[in-house]
Amino acid sequence: MNKIKKKCAIMFATFLTVLSLAACGSNEKAVSSKNKVEPAQLSPNYKNPRKTSQSADANSTLKVAEPNDSPFRGISEPTLASNAEDTSVFSPGGNGNLFNVDQNFKIIKGGLADQKLDRKNNTVTITIRANARWSDGQPVIARDVEYPYEIIAAPRSPSPQYSADFERIQGMSAYHTGKAATISGFTYPRGENGKVVVIHYSALSPSMKFLGNSFVWGTVAPYHHYQGIALNKLAASAQVRKNPVFIGPYKLDKIVAGESTSWSPNKYYWGKKPQIKHIKISVVSSNSIDKAIQTKKYDFTSPTGVMRATSYKKLKNLKNYQIVGQPKLGYNYFGFNLGEYDTSQQRNVMDPHAKMANKKLRQAMMYAINEKAINEKYGNGVKWSAKTLIPPIFDKYTAESAKHFSYDPQKAAELLDQAGYKKNGKWRTRPNGKPLVIYFGVMQGDSASHAAYREYLKRWKKVGLNVKLADGKEMEMNSFYDLLQKPKQNKVDIFAAAWSLSSEPTPTQLYGADAPLNMGHFVTKKNTQLLKEMNSERAFDDSYRAEKFKEWQEYMNEQAAYVATDNSYQWSTVNKRVKGFDLRVDNNEFWSSLSLTSAKLK
């Protein structure tokens with residue numbers, strides 16, 4: 001897992017997620033936490049005792065629902081994907097995954113490739129297994145390992161994955177700025193068509209031992225398939241959108257743009273032979289997903305799909321389905337627009353005169369809302385309030401004692417008064433006396449999301465802040481992210497979204513000074529310093545590294561440029577004819593392990 005923006009969890013990149021707010025009901029009353037629900041206790045796997053039916057595996061179609069309120073974009077190349085739905089609907093193809101991992105996300109032997117770290121020489125050697133092939137029969141070669149870095153780091157690349165951490169690779173900065181045509185830090189002991197790549201770094205990082213780190217990219221790209229396509233046209237090419245190739249257990253048979261993907265076994269796959277002969281993954285809206293499961297239209301919901309707390313309440317007691325889940329690698333959050341992305345310098349730049357530049361204004365907006373009550377009352381046991389930007393699944397690095405924002409409207413009012421946002425009639429004005437209107441960007445969702453947005457607006461109104469929905473309405477997901485990822489935009493001042501994180505918690509690709517995914521454009525010297533210290537040579541001492549992670553969380557909470565609101569379970573409904581469904585981290589053969597016990601859904 002590296003990082004991409006998600007609408008659900010993704011394999012190699014942190015994906016921005018569709019806002020998955022807890023149900024807030026349909027009434028307009030302020031929420032409270034009187035009816036607190038006990039946390040759900042979910043298992044990460046379903047142990048089906050029934051025997052596999054070979055006839056069902058051969059002749060039935062495994063039907064998978066991808067919960068999503070927008071069409072998927074159809075970008076099969078992980079370095080270019082801009083939301084998790086794309087990775088999710090293409091996941092039977094393996095998403096280009098290079099490495100095998102253990103239960104702690106540590107890279108171990110046995111994947112498409114193995115890696116070896118050499119701290120003395122500051123190198124990472126990646127060795128591809130001899131029998132690794134693409135689904136078109138072509139061998140996976142050393143050039144396929146380097147090519148993702150070229151896509152990500154090319155000047156004006158359409159990829160959102162670049163960060164300063166990649167600049168530890170020799171020659172990467174020169175390539176990224178257009179001063180060099182190649183990345184000098186890649187060498188091939190057995191040639192570009194061989195199976196070994198050596199990457200030369202200025203220094204190694206302790207995070208390199210884990211999948212999803214921001215220094216060693218975790219996927220391969222088919223150079224033979226992409227060769228000759230200009231990088232700025234790659235995302236729109238037929239090779240990416242219509243006839244992609246894969247390295248996983250299944251090959252793509254058919255794609256219906258934005259709606260579904262269909263799969264059959266990849267005869268060139270090096271790993272565990274897949275058992276089910278036909279798979280179809282279909283997009284299902286949040287308004288339809290509950291009924292679709294209740295009427296047994298799907299075998300399960302996508303392991304990385306966004307299932308809401310309201311759905312859990314409705315589906316948890318179904319007789320023919322098992323709820324499977326584990327704590328999510330991610331969180332919902334608020335972000336503030338504080339500047340722009342300078343495309344000439346390829347860096348984020350904060351504007352000291354931006355509408356939301358005043359830290360006390362940001363803090364006041366967070367103290368004004370009752371996020372804890374929303375989560376406790378409407379989370380239905382699968383959602384709870386977040387404390388920091390590092391979720392509790394990374395317990396070694398999470399700052400449990402960090403000061404976060406509790407509901408305190410009096411403090412919110414005091415902060416606004418101190419910062420000069422005085423009331424003039426119904427609304428507060430800017431310190432210069434001019435009207436203050438704050439535009440809140442949100443995505444389309446279900447009735448629970450609508451009610452949550454109204455709750456936020458009402459709470460802000462109570463402290464005198466005139467906050468309105470950007471464009472006067474909820475936005476379609478793709479349009480929402482297109483707007484936020486513009487180098488500069490002035491339509492949204494505060495936005496609600498979510499990250500699905502990689503399996504290594506370093507946040508450089510999300511909040512670094514040169515990270516395109518830093519959509520609020522937050523940049524300070526201290527932030528940059530702390531991010532660097534997390535992966536310095538000294539950080540090989542894990543106690544020091546943990547200390548820096550916790551210091552960063554406390555700093556980010558105080559700055560309130562990005563504020564985590566809640567954590568949750570990643571959960572799926574699994575029909576009882578499915579065998580082998582296992583979300584555990586060290587199950588590196590999720591799709592190959594699945595089988596069916598009957599021809600029809602139970």
Side-chain angles (χ1 to χ4, degrees), residues 5 16-21 24 331-341 348 350-371 374 386 389 404-405 407 409 411-413 415-416 419 421 427-431 435-445 449-475 477 479-486 488-499 510-511 517-523 556-566:
K5 64 183 188 180
L16 276 175
T17 188
V18 129
L19 187 60
S20 179
L21 287 172
C24 295
Y331 51 85
N332 288 322
Y333 72 97
F334 287 112
F336 291 88
N337 181 17
L338 302 176
E340 64 181 286
Y341 185 82
N348 289 288
M350 279 181 66
D351 178 0
H353 303 295
K355 188 187 298 184
M356 311 309 295
N358 193 304
K359 179 174 64 177
K360 289 186 177 180
L361 171 60
R362 304 193 299 267
Q363 292 174 336
M365 291 189 73
M366 296 298 97
Y367 280 118
I369 58 177
N370 197 347
E371 191 67 43
I374 290 176
L389 296 172
H404 62 288
F405 295 96
Y407 176 53
K411 186 166 187 175
L415 286 167
L416 291 168
Y421 294 90
W427 304 115
R428 292 179 182 270
T429 63
R430 300 188 189 198
L436 174 65
V437 181
I438 298 170
Y439 293 100
F440 181 33
V442 299
M443 287 174 280
Q444 294 170 351
S449 300
H450 311 327
Y453 302 149
R454 290 195 296 269
E455 176 71 15
Y456 295 140
L457 294 173
K458 186 177 358 178
R459 295 288 183 178
W460 287 324
K461 179 180 178 181
K462 284 187 175 182
V463 295
L465 293 175
N466 186 7
V467 185
K468 299 180 179 181
L469 290 183
D471 277 348
K473 62 182 184 301
E474 298 168 21
M475 302 180 193
M477 184 195 74
S479 299
F480 174 84
Y481 287 128
D482 283 345
L483 175 62
L484 292 183
Q485 285 199 289
K486 287 183 176 180
K488 184 177 182 178
Q489 60 84 19
N490 57 12
K491 289 186 176 181
V492 172
D493 301 310
I494 176 175
F495 54 92
W499 289 120
L510 304 181
Y511 305 120
L517 290 178
N518 181 354
M519 297 177 294
H521 315 295
F522 175 70
V523 181
M556 292 297 282
N557 277 9
E558 187 266 336
Q559 289 293 307
Y562 293 99
V563 177
T565 59
D566 59 80

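Only heavy atoms go into these numbers, but all of them, side chains included; no hydrogens, no water, no symmetry mates.
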Task: Candidate pair M475 and L483, rule side chain to side chain contact (heavy atoms under 4.5 Å, CB included), full reasoning - done: CA-CA 10 Å; M475 302 180 193; L483 175 62; 3.9 Å; yes
Task: Residue from K491, M356, H521 passing side chain to side chain contact (heavy atoms under 4.5 Å, CB included) with N337 - done: H521
Which atom names give the shortest non-hydrogen contact between [X] and [Y], and what distance separates them?
X	Y	value
L436	R428	CB-O, 3.6 Å
Y331	A564	CD1-CB, 3.9 Å
N466	K468	OD1-CE, 3.7 Å
L338	A354	O-CB, 3.9 Å
W460	I369	NE1-CG2, 3.4 Å
V523	N348	CG2-O, 3.4 Å

Task: ring-ring contact (aromatic ring centres under 6.0 Å, His included) against Y367, all qualifying residues, sequence neighbours excluded - done: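 Checked Y367 against ring-ring contact (aromatic ring centres under 6.0 Å, His included); matches are F405.
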Would a distance-only check, ignoring hydrogens and angles, find a side-chain to backbone donor-acceptor pair under 3.5 Å from [X] to [Y]?
X	Y	result
D471	K473	no
K355	V437	yes
Y341	L517	no
Q363	E558	yes
N332	D566	no
N518	F522	yes

4.5 Å side-chain heavy-atom contact, [X] and [Y]:
X	Y	answer
M365	L465	yes
I374	T565	no
N370	R459	yes

Value rounded to 0.5 Å, distance of [atom1] in [X] from [atom2] in [Y]:
X	Y	atom1	atom2	answer
I494	F440	CD1	CZ	6.0 Å
L361	M366	CG	CE	9.5 Å
Y481	M519	OH	CE	6.5 Å
I438	L457	CD1	CG	11.0 Å
R454	L469	CZ	CG	10.5 Å

- [ ] Evaluate the ring planes of F480 and F495, with Trp represented by its six-membered ring, and classify them as parallel (under 30°), tilted (30 to 60°) or perpendicular (over 60°).
- [x] perpendicular
TODO: Quick one: sort the Y511 and Y562 rings into parallel, tilted or perpendicular, breaks at 30° and 60°.
DONE: tilted
- [ ] Report the C-alpha separation of W499 and L510 in whole Å, then their side-chain angles, then the decisive distance to 0.1 Å, and conclude whether the side chain to side chain contact (heavy atoms under 4.5 Å, CB included) test is met.
- [x] CA-CA 9 Å; W499 289 120; L510 304 181; 3.7 Å; yes
Open item on the list: Go through it in stages, so that I can follow the logic: the residues are V563 and R362, the test is side chain to side chain contact (heavy atoms under 4.5 Å, CB included), and I'd like the CA-CA distance, side-chain angles, deciding distance and then a yes or no.
Closed with: CA-CA 10 Å; V563 177; R362 304 193 299 267; over 6 Å; no
Task: Ion pair check, E340 and K486, cut-off under 4.0 Å - done: no
Task: Any donor-acceptor N or O pair under 3.5 Å, side chains Y456, E371 - done: yes
Open item on the list: One pair to check against side chain to side chain contact (heavy atoms under 4.5 Å, CB included): Q559 and K359. What are the steps and the verdict?
Closed with: CA-CA 6 Å; Q559 289 293 307; K359 179 174 64 177; 3.9 Å; yes
- [ ] Output all residues satisfying side chain to side chain donor-acceptor pair (under 3.5 Å) with E474, sequence neighbours left out; order by chain, then residue number.
- [x] H450
